[in-house]
Amino acid sequence: MTAKKVVLLACGSFNPPTNMHLRMFEVARDHLQKLGFEVLLGLVSPVHDGYGKKDLVSSTHRIAMLRLALQNTDWIKLSDWEVCQEGHSRTAVVLKYHQNLINSIINNKLNDNINEQDAPWFLNVLQDSCRNVQSIQVKLLCGADLLESFGTPGLWADEDIESIVGNHGLVVITRENANPQQFIYMSDVLTKYISNILIVNEWIKHDLSSTKIRRALRRQESIKYLTPDKVIDYITRHELFGWTNNKQS
Ligand SMILES: Nc1ncnc2c1ncn2[C@@H]1O[C@H](COP(=O)(O)OP(=O)(O)OP(=O)(O)O)[C@@H](O)[C@H]1O
Ligand SMILES: NC(=O)c1ccc[n+]([C@@H]2O[C@H](COP(=O)(O)O)[C@@H](O)[C@H]2O)c1
Ligand SMILES: [Zn+2]
């Protein structure tokens with residue numbers, strides 16, 4: 001039997017990227033491979049500046065930090081499509097865009113649907129992997145807190161949740177203080193599509209978040225070993241997140 005081919009797409013602020021963002025991909029790929037999937041590619045899609053979250057630094061900085069963070073991986077790539085749009089894109093739309101693009105490559109119909117100039121980075125990466133492949137599914141990779149945000153009133157449209165779990169599928173990494181199994185049990189739509197939701201236990205727990213890194217930087221505390229050294233160099237060089245190079249003693 002041939003393995004089902006999957007692309008894992010992670011949406012988020014990445015403000016800044018952390019080692020856990022990278023770990024999330026590795027843990028998910030190991031698990032999916034054991035279940036018989038073949039993970040062709042990981043994609044990181046940082047949110048548009050228009051998302052307007054508190055303390056969000058510009059996408060220019062977030063993209064630059066992600067590029068540095070991804071230097072030591074050969075299978076996780078950056079997608080800058082979302083940040084290049086006019087405003088914030090709903091996650092269902094981001095997934096659909098990437099799924100359509102991949103389908104177009106597989107079916108050799110790229111020019112019918114998508115302008116090649118829209119996605120030069122992606123074509124280089126994917127065109128080889130897509131050769132002789134019948135189908136590839138783009139799944140949303142997320143932490144359990146993002147899954148639980150589906151329950152925040154007014155944050156996600158019902159049809160978007162249905163499209164995400166029904167058409168694409170979710171790979172959820174467990175996170176401190178979250179209980180994804182119970183959350184799924186409490187939701188009719190998630191229970192309906194339960195076969196499309198894979199929960200991956202992160203046994204090597206590290207309760208790391210961008211919020212904690214930003215807090216440390218604001219307090220002029222070390223963030224070494226929480227994010228790659230090159231990301232730390234970038235943050236300190238640009239004095240992001242309240243870090244200052246001219247400390248008063
Ligand atoms: N420690 C972690 N364990 C599991 N998933 C994580 C972890 N950190 C981040 N993620 C996941 O990574 C994705 C991107 O998240 P995001 O950019 O919000 O990072 P974050 O560390 O949660 O940042 P913030 O503290 O600013 O919310 C989300 O799906 C989130 O759930
Ligand atoms: N309705 C939606 O599609 C919707 C709602 C809230 C968050 N999101 C996405 O989830 C991610 C959340 O990131 P944060 O946890 O950093 O806020 C972002 O990529 C954002 O675009 C999507
Ligand atoms: Zn978060």
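When a ligand or atom number is given, it counts from 1 through the structure's own listing order. Predicted model, so just to flag it, every value in this text is computed and none were measured.
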Practice task
Kindly indicate whether the side chain of Leu208, heavy atoms from C-beta on, has any atom under 4.5 Å from the side chain of Ile213.
Solution key: yes
Problem - Per-atom contacts of ligand 2 with His88, taking only distances under 4.0 Å to non-hydrogen atoms - result: 20 (C), 21 (O)
Practice task
Check ligand 1 against Cys142 and write out every atom of the ligand that is under 4.0 Å from a heavy-atom position of the residue.
Solution key: 29 (O)
Practice task
Look at atom 29 (O) of ligand 1 and find which of Pro46, Gly143, Ser13 reaches it with the closest heavy atom.
Solution key: Gly143
Exercise for the section: Could you tell me whether Arg215 and Glu221 make a salt bridge, using a distance below 4.0 angstrom between a side-chain N and a carboxylate O? Expected result: no
Exercise for the section: Please lay out, stage by stage, how Lys96 and Asn167 fare under the test side-chain contact (heavy atoms from CB on, under 4.5 Å). Expected result: CA-CA 9 Å; Lys96 196 164 179 208; Asn167 298 333; over 6 Å; no
Problem - Exam field: side chain Asn15 to backbone Arg62, donor-acceptor pair closer than 3.5 Å - result: no
Handout entry: N/O separation below 3.5 Å, Phe14 to ligand 1
Key = yes
Exercise for the section: Just let me know how Met24 lines up against ligand 1, side chain, backbone, both or neither, with a heavy-atom cut-off below 4.0 Å. Expected result: side chain
Handout entry: Heavy-atom nearest neighbour in the protein, as seen from atom 5 (C) of ligand 2, with distance rounded to 0.1 Å
Key = Leu155 O, 3.4 Å
Exercise for the section: Decide if atom CD of Gln220 counts as having more than 12 heavy atoms of other residues, nucleotides or ligands within a radius under 6.0 Å. Expected result: yes
Problem - Main-chain N/O of Gln134 paired with Lys5 side-chain donor or acceptor, under 3.5 Å - result: no
Problem - His206 touching ligand 1 at heavy-atom level, < 4.0 angstrom - result: yes
Problem - Side-chain donor or acceptor of Gln137 paired with backbone N/O of His168 under 3.5 Å - result: yes
Exercise for the section: Could you tell me which atoms of ligand 1, counted from 1 in the order shown, lie closer than 4.0 angstrom to a heavy atom of Asp145? Expected result: 30 (C), 31 (O)
Practice task
Give a yes or no on whether the backbone of Val83 and the side-chain of Asp80 come within a donor-acceptor separation of less than 3.5 Å.
Solution key: no
Problem - Within-cut-off N or O pair, Asp145 and ligand 2, under 3.5 Å - result: no
Exercise for the section: Look at atom 9 (C) of ligand 1 and find which of Lys53, Lys205, Arg215, Arg175 reaches it with the closest heavy atom. Expected result: Arg175
Practice task
Give the residue and atom name of whichever protein heavy atom lies nearest to atom 21 (O) of ligand 1, and the separation in Å to one decimal.
Solution key: Ser210 N, 2.8 Å
Exercise for the section: Give a yes or no on whether Asp158 atom CG has more than 12 heavy-atom contacts from other residues, nucleotides or ligands under 6.0 Å away. Expected result: no
Exercise for the section: Test the Arg218-Trp243 pair against the cation-pi criterion, namely NZ or CZ under 6.0 angstrom from the six-membered ring centroid and within 45° of the ring axis. Expected result: no
Completion exercise
A student comparing Met20, His21, Arg23 should find that the heavy atom closest to atom 19 (O) of ligand 1 comes from His21
Handout entry: Lys77 vs Leu70 side-chain heavy atoms within contact, under 4.5 Å
Key = no
Exercise for the section: For Leu208 and ligand 1, answer yes if some heavy atom of the residue is under 4.0 Å from a ligand atom, otherwise no. Expected result: yes
Exercise for the section: State whether the shortest distance between N or O atoms of Tyr51 and N or O atoms of ligand 2 falls below 3.5 angstrom. Expected result: yes
Handout entry: ligand 2 N/O within reach of Lys53 N/O, cut-off under 3.5 Å
Key = yes
Exercise for the section: Answer yes if the ring centres of His61 and Tyr234 are under 6.0 angstrom apart, and no otherwise. Expected result: yes
Problem - Selected option - heavy-atom contact closest to atom 10 (O) of ligand 2, from Asp160, Leu140, Leu146, Asn15 - result: Leu146
Handout entry: Numbered atoms and elements of ligand 1 in range of Ser209, under 4.0 angstrom, heavy atoms
Key = 21 (O), 25 (O)
Problem - Subset of ligand 1 atoms that lie under 4.0 Å from at least one heavy atom of Cys11 - result: 13 (C), 14 (C)
Exercise for the section: Apply side-chain contact (heavy atoms from CB on, under 4.5 Å) to Ile199 and Gln181, showing your working. Expected result: CA-CA 8 Å; Ile199 299 190; Gln181 278 94 353; 4.0 Å; yes
Handout entry: Same apolar cluster (I L V M F W Y, side chains within < 4.5 Å links), Tyr51/Leu66
Key = no
Handout entry: Nitrogen or oxygen of Gly12 less than 3.5 angstrom from that of ligand 2
Key = yes
Practice task
Give yes if a backbone or side-chain nitrogen or oxygen of Ser13 is under 3.5 Å from a nitrogen or oxygen of ligand 2, and no if not.
Solution key: yes
Exercise for the section: Report the part of Ala10 (side chain from C-beta onward, or backbone N, CA, C, O) that has a heavy atom under 4.0 Å from ligand 1; answer both or neither where that applies. Expected result: neither
Practice task
Run the numbers for me: atoms of ligand 1, each under 4.0 Å from some heavy atom of Arg214, listed by number.
Solution key: 26 (O)
Handout entry: Per-atom contacts, ligand 1 versus Thr211 - under 4.0 Å to a heavy atom
Key = 24 (P), 25 (O), 26 (O)
Handout entry: Residue and atom name of the nearest protein heavy atom (relative to atom 9 (C) of ligand 2), distance in Å to one decimal
Key = Thr91 OG1, 3.3 Å
Exercise for the section: For the pair Thr191 (side chain) and Ser187 (backbone), establish whether a donor and an acceptor sit closer than 3.5 Å, ignoring hydrogens and angles. Expected result: yes
Practice task
Ignoring angles and geometry beyond distance, decide whether Asp207 reaches within less than 3.5 Å of ligand 1 through its nitrogen or oxygen atoms.
Solution key: no
